[in-house]
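Scroll down for the structure; my scribbles are underneath it.
So that the names make sense, note that chain A is the first sequence line, chain B the second, and so on, each numbered from 1.
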There are 2 protein chains.
Amino acid sequence: MSKQGPPLAVIDLNADAPCCPPLTQRRVPAEAAVVLAPAFKALGDPVRLQLMSMIASAEDGEVCVCDLTPAFDLTGPTISHHLKTLREAGLVDAERRGTWVYYRARPGILRQLAALLSIEPALSSQA
Amino acid sequence: MSKQGPPLAVIDLNADAPCCPPLTQRRVPAEAAVVLAPAFKALGDPVRLQLMSMIASAEDGEVCVCDLTPAFDLTGPTISHHLKTLREAGLVDAERRGTWVYYRARPGILRQLAALLSIEPALSSQA
DNA sequence: CGCCTGTCTCGACGTCCGTCTAGCCAGACA
DNA sequence: TGTCTGGCTAGACGGACGTCGAGACAGGCG
């Protein structure tokens with residue numbers, strides 16, 4: 001392990017402020033690309049994109065898995081697998097309350113991705 | 001073929017206006033998810049994310065492949081393959097001029113993706 | 001005209017992904 | 001306490017993906 005220090009830890013996907021300027025303005029650093037790419041990858045499936053949308057647009061900010069599963073022509077385990085992928089990508093959080101499991105979006109990383117793709121300059125806290 | 005009208009053709013990834021409201025506001029329709037997911041998938045690789053960034057942030061709006069290849073520890077064919085993936089996802093355009101091939105970003109689809117992830121309401125209708 | 005440089009295409013190989021079936025665990029209710 | 005329902009995990013299989021090497025094609029230059 002001859003890693004040269006911890007240059008990766010600085011990238012916080014849950015921070016409110018974007019980690020990097022939009023990719024149209026400056027080349028994305030390799031470290032940031034390694035961290036952010038899995039999030040894009042997780043959204044790179046039609047089912048997961050819809051799941052993410054259903055979770056993020058939920059009225060109460062959260063959705064029961066029991067409402068997610070019947071919306072697709074897929075078995076329960078498959079939906080569960082996709083939700084796990086979204087969870088491991090840091091896009092959603094899961095919480096069990098009684099009988100049901102509820103999923104909730106993490107706005108921080110969504111902001112990161114949006115900022116990276118945005119055409120406008122990053123008008124956030126960083127001066 | 002008892003399709004009720006053409007619901008798929010309306011999704012134009014190169015349009016300036018977003019095809020759908022942000023995914024935090026309304027569930028992404030299945031048709032849109034099928035069209036948009038491949039673009040996210042194409043960005044779901046660290047190499048392609050950096051390639052996309054290098055192309056989109058280029059000074060002159062375009063980059064020569066000969067400037068892209070040496071930036072990675074990968075062979076020429078592999079970079080070419082990644083560029084082809086970006087091309088097939090509609091994210092970039094390629095043009096041969098003389099000896100070299102130049103790549104250029106397509107801002108339309110980038111806007112689509114950014115709008116989909118944005119937290120703010122869609123300020124689309126305004127031209 | 002012939003050679004050189006730059007880039008893409010094709011084929012191959014190992015790995016990862018999406019989906020399924022089967023089975024297990026946790027909580028609710030009688 | 002027994003049973004039912006909801007959701008996750010484990011294992012397997014077919015297909016797609018990432019990478020490479022070899023070869024082909026286009027353009028420039030002497």
side-chain contact (heavy atoms from CB on, under 4.5 Å) evaluation trace for H81(A) with T85(A): CA-CA 6 Å; H81(A) 168 69; T85(A) 301; 4.1 Å; yes
CA sep, side-chain torsions, deciding dist, call: D93(A), R104(A), salt bridge (Lys or Arg N to Asp or Glu O under 4.0 Å): CA-CA 5 Å; D93(A) 265 333; R104(A) 178 180 296 271; over 6 Å; no
Nucleotide nearest [X] (side chain, heavy atoms from C-beta), chosen from [options]:
X: S80(B); options: dG6(D), dT9(D), dT9(C); result: dT9(C)
X: P77(B); options: dC8(C), dC8(D), dG6(D); result: dC8(C)
X: H81(B); options: dG7(D), dG18(C), dT19(D); result: dT19(D)
X: T78(A); options: dT9(D), dA26(D), dC20(C); result: dC20(C)
X: W100(A); options: dG7(D), dC8(C), dT7(C); result: dG7(D)

Pairwise side-chain contact, F72(A) with Q50(A), heavy-atom cut-off 4.5 Å (strictly under):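 Heavy-atom side-chain distance check passes, below 4.5 Å.
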Heavy-atom check, side chain of L91(B) versus side chain of R106(B), under 4.5 Å: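 No, too far: nothing below the 4.5 Å cut-off.
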How many Å lie between [atom1] on [X] and [atom2] on [N], as a whole number?
X: F40(A); N: dC17(D); atom1: CZ; atom2: C1'; answer: 19 Å
X: R96(B); N: dG28(D); atom1: CZ; atom2: P; answer: 9 Å
X: Y102(B); N: dC8(C); atom1: OH; atom2: P; answer: 13 Å
X: H82(B); N: dG18(D); atom1: NE2; atom2: P; answer: 6 Å
X: E88(B); N: dC17(D); atom1: CD; atom2: C1'; answer: 13 Å
X: E95(B); N: dA26(D); atom1: CD; atom2: P; answer: 17 Å
X: I79(A); N: dT19(C); atom1: CD1; atom2: P; answer: 8 Å
X: L83(A); N: dT9(D); atom1: CG; atom2: P; answer: 11 Å

Of R97(A) and T85(A), the one whose closest DNA chain C nucleotide lies more 5':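 Counting from the 5' end, the first nearest nucleotide belongs to T85(A).
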Contact list for DNA chain C against residues 55-75 of chain B - heavy-atom distance below 4.0 Å: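 Here the set is C64(B), V65(B), C66(B).
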Heavy-atom closest pair, residues A105(A) and M52(A):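 The answer is CB-CE, 3.9 Å.
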dC17(C) phosphate, OP1 or OP2, under 4.0 Å from K41(A) side-chain N/O: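 Checking dC17(C) against K41(A), a side-chain N or O does come within under 4.0 Å of OP1 or OP2.
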R48(A) side chain near dG18(C) phosphate (N/O to OP1/OP2, under 4.0 Å):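 Yes.
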Cation-pi, Y103(B) ring and R97(B) (6.0 angstrom, 45 degrees):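 No, R97(B) and Y103(B) do not form such a contact.
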Y102(B) vs R96(B), side-chain hydrogen bond (donor to acceptor under 3.5 Å, both in side chains): CA-CA, chis, key distance, verdict: CA-CA 6 Å; Y102(B) 294 88; R96(B) 174 168 220 121; over 6 Å; no
